[in-house]
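Since this is a predicted model, take the numbers as computed values, not measurements. Just so you know, these numbers use all the heavy atoms, side chains as well, and skip hydrogens, waters and symmetry mates. A, B, ... follow the sequence lines: proteins, then strands. Residue 1 opens every chain.
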There are 4 protein chains.
Amino acid sequence: MPRPDVSAERKAQILQAAQQVFARQSFHDVSMQTIAQTAGLSVGGVYWYFKSKDEIIAALLARNAEPILDRLRQLADSDAPTTARLKTFFREIIAAEDQIAVLYSTGIKLYAMTGANPQLQNSVRAIGAAYRDGLATLIRQGVERGEFQPVNASDAAMALLGLYEGLMLLWLADPQAVQFENTLQAGVMLMLKGLMHP
Amino acid sequence: MPRPDVSAERKAQILQAAQQVFARQSFHDVSMQTIAQTAGLSVGGVYWYFKSKDEIIAALLARNAEPILDRLRQLADSDAPTTARLKTFFREIIAAEDQIAVLYSTGIKLYAMTGANPQLQNSVRAIGAAYRDGLATLIRQGVERGEFQPVNASDAAMALLGLYEGLMLLWLADPQAVQFENTLQAGVMLMLKGLMHP
Amino acid sequence: MPRPDVSAERKAQILQAAQQVFARQSFHDVSMQTIAQTAGLSVGGVYWYFKSKDEIIAALLARNAEPILDRLRQLADSDAPTTARLKTFFREIIAAEDQIAVLYSTGIKLYAMTGANPQLQNSVRAIGAAYRDGLATLIRQGVERGEFQPVNASDAAMALLGLYEGLMLLWLADPQAVQFENTLQAGVMLMLKGLMHP
Amino acid sequence: MPRPDVSAERKAQILQAAQQVFARQSFHDVSMQTIAQTAGLSVGGVYWYFKSKDEIIAALLARNAEPILDRLRQLADSDAPTTARLKTFFREIIAAEDQIAVLYSTGIKLYAMTGANPQLQNSVRAIGAAYRDGLATLIRQGVERGEFQPVNASDAAMALLGLYEGLMLLWLADPQAVQFENTLQAGVMLMLKGLMHP
DNA sequence: TATGAATGAGTTTTCATTCAT
DNA sequence: CATGAATGAAAACTCATTCAT
């Protein structure tokens, strides 16, 4: 009689723990020891499910990007005005700030630290490209539907993405100085105004 | 007869070396050994001028911010149209991309890694605030001079700063996917359009 | 109804697998994991049949020595000239080189690694003694039958054994530099000439 | 004022310690910790002089081979009868048994364990080749001077070397069962008899 | 019988930092 | 001022072994 497969559960448990500790410390400052303890496992136990620290990080990255990419795909199928859809998207991100902040804390650290591991670099790049493409699709629709000026959708998408990432970065660096919601909303509004026909 | 003070020279020499190596590797992957060798000194020699690795990092950060902040202050004293001044500012940054990229490669890694060291955190925050204030001053002037809509200057400045930082981040993560110049210019143009009276 | 006893079969299966992997890697570099997988079992399964890694090694050692010792005993019962018998013995070993090489690859590593485990040490010693005694019996017969000079049979046997082990060692260390067949044959011939009456 | 260079001294000190502990335990059973403590240094101190455990082993190997190779070269320049020279060589080795045993304990383990590290493998092979060439030179001289039968010098040298290595191996595996001096002498005598004209 | 998840001690190696000279 | 030897505390990762199922 096969025991129930604990593998998925354990992996989730470990990623959950990793998320939690990576949120507060830099990658090099988090030891496998810590991750294991936080997950309620032994070091060897963690290695049973992930072959290396980097593999944990990569899994984390993928896990965090998933729901956001899903939402972008959903919005691409909507007929609502593009400005509204983009506003919605960023409003939702802002609303989920509490949940997302932690994710992005890790995510952004990753963007900035990919240097050494090429495999990780590829993951990061793939996810970055997916974000950009998702946004670009919306903007392209906006242009096609006559809502936006005929801009380069890819550049505009990258700019929006950059704005978001940059503000998240600044906010993480100094949470008290940056009011994430207001500023992101303000920045997105500026860009959308710039995109629309005068 | 006192020997000429080599202190300043040595410090610069060390920071120069640190810059060079930090540009290509994460902070934890760069050893004091490496910095010392690159600077043409011994490990102990480096410690004569900087009490710790973190102190080197902080000094680096300050050094890199200086010329940019100077330029912002200069521009604040100009009577030229604000749109032009901001365009100039970012055009200059883009033009100096080659020189600045390395600086920012380090700078951004710092933003993302401040976690543990409070002193370092303060440096990073102070510099971030200075950038924002510099940009906010220009925007406020733009509003006062009637060039811009009556936006919250601080938010807009932060958005511009975020755009810049975020694009730099994305570009560092994937230089081939991001055309820094085009995208930054496009993003800044969008925001400026959004700022101006229709 | 008792299931057929798979024990012997499983043990053979495990030893076979161990042989295979030990042939190419040092003992410390082979994990029980690897042995188990090669044998098509789980780790726990291997432990069902062998109490420890060392026990596997000891069993391997014994298994490899058996056929050679058998052949020596057979030859001791033969009336053929001793020179011929010894030549035959080594010729057979050389002929079976392909099959034996792997066995001895493991065997010799064992000789060199007995250090820590006394039980293992005893196995190794017992087998070494059996080889030497087998050869000594032949040589003693040669002396008694007047074929050889009145040498110390035990010393001569040990020398022959040493020659064999040493060449195997050298050959394993550098297969391209050592022509095992030629050299062993040449060496044995030299010794036999030295043994015989002028 | 430069301090006296302790580097050579320290390296010798470390190799000395390594020798001592490798003599009694297999390579994997000796930790850098142990080597360091035996040498009276910290772990980091050992790493200051040797980049890895393998590097220590390689250095050890070279150091141990040196004097023996020197002696072989010396003997090649002598006009004494070759039988005498070879007897002398092995007699000296036997006489220095106490000093050499430890060296060879390490040496032989190396022969048997080269598997993983190619660099180490090359060292081992080079030294093996040097031994064989040294002996072959002597034997070739013996043939040329008419003392020996026209044998293949390289094969005979390898056989002598194999005899020596093999006996050392057997002796290390079971010091009580093998009388190294007697047996090596007996074996060498047999081979020399076989080499000489009847 | 057999599985494979889990353990945790142990290994090599790195590195910021100190300090005698 | 400057050197570079030395320290020692970590870190990532491995692996023989156990045991509930």
> Where is the tightest heavy-atom contact between C/M32 and C/S52, given as atom of each residue plus distance?
Replying inline: CE-C, 4.4 Å
> Of the non-hydrogen atoms in A/R10 and A/Y49, which two are nearest, and what is the gap between them?
Replying inline: CG-OH, 3.4 Å
> Under 4.5 Å between any side-chain heavy atoms of A/D174 and B/V124, yes or no?
Replying inline: no
>> Considering every strand and a 4.0 Å limit on heavy-atom distances, what is the contact class for C/V30: base, sugar-phosphate, or nothing?
In response: sugar-phosphate
>> For D/A59, is there any backbone N or O sitting under 3.5 Å from a side-chain donor or acceptor partner on D/K11?
In response: no
Exercise answer: donor-acceptor pairs, residues 35-42 of chain D side-chain atoms, under 3.5 Å, sequence neighbours excluded:
| residue | atom | partner | partner atom | Å |
| --- | --- | --- | --- | --- |
| D/Q37 | NE2 | D/Q33 | OE1 | 3.4 |
| D/T38 | OG1 | D/T34 | O | 2.7 |
| D/S42 | OG | D/G45 | N | 3.2 |

> Separation of C/H28 atom NE2 from F/dA16 atom P, in whole Å?
Replying inline: 9 Å
> Could you state the CD-C1' distance from B/Q33 to E/dT13, rounded to the nearest angstrom?
Replying inline: 15 Å
> Relative to the 5' end of DNA chain E, which residue comes earlier, B/S52 or C/G45, by the nucleotide with the nearest heavy atom?
Replying inline: C/G45
>> Does E/dG4 have its OP1 or OP2 closer than 4.0 Å to a side-chain nitrogen or oxygen of C/S42?
In response: no
>> Could you spell out the base pairing of DNA chain F as a dot-bracket line? Use Watson-Crick and G-U wobble contacts where both distances are under 3.5 Å, [ ] for crossing pairs, | for partners on a different strand.
In response: .||||||||||||||||||||
> What is the distance, rounded to the nearest whole Å, between atom CD1 of C/I14 and atom P of E/dA2?
Replying inline: 9 Å
> How about C/R63 and C/Q16: do any of their side-chain heavy atoms sit closer than 4.5 Å?
Replying inline: yes
>> Nearest whole Å is fine: how far is F/dA2 P from B/F50 CZ?
In response: 13 Å
> Considering heavy-atom distances to DNA chain F, does D/G40 or C/Y47 have its closest nucleotide positioned more toward the 5' end?
Replying inline: D/G40
> Is there a side-chain polar atom (N or O) of D/W48 under 4.0 Å from OP1 or OP2 of F/dA5?
Replying inline: yes
>> Expressed as a whole number of angstroms, how long is the span from B/Y49:OH to F/dT3:P?
In response: 9 Å
> Could you state the CZ-C1' distance from C/R10 to E/dT3, rounded to the nearest angstrom?
Replying inline: 13 Å
> Nearest-Å distance, NZ (D/K11) to C1' (F/dA6)?
Replying inline: 16 Å
>> Taking the nucleotide of DNA chain F with the nearest heavy atom to each, does B/V43 or A/M32 sit closer to the 5' end?
In response: B/V43
> Is any side-chain heavy atom of C/V46 closer than 4.5 Å to a side-chain heavy atom of C/V43?
Replying inline: no
> Could you give the CG-to-C1' distance, from C/D29 to F/dC13, as a whole number of Å?
Replying inline: 15 Å
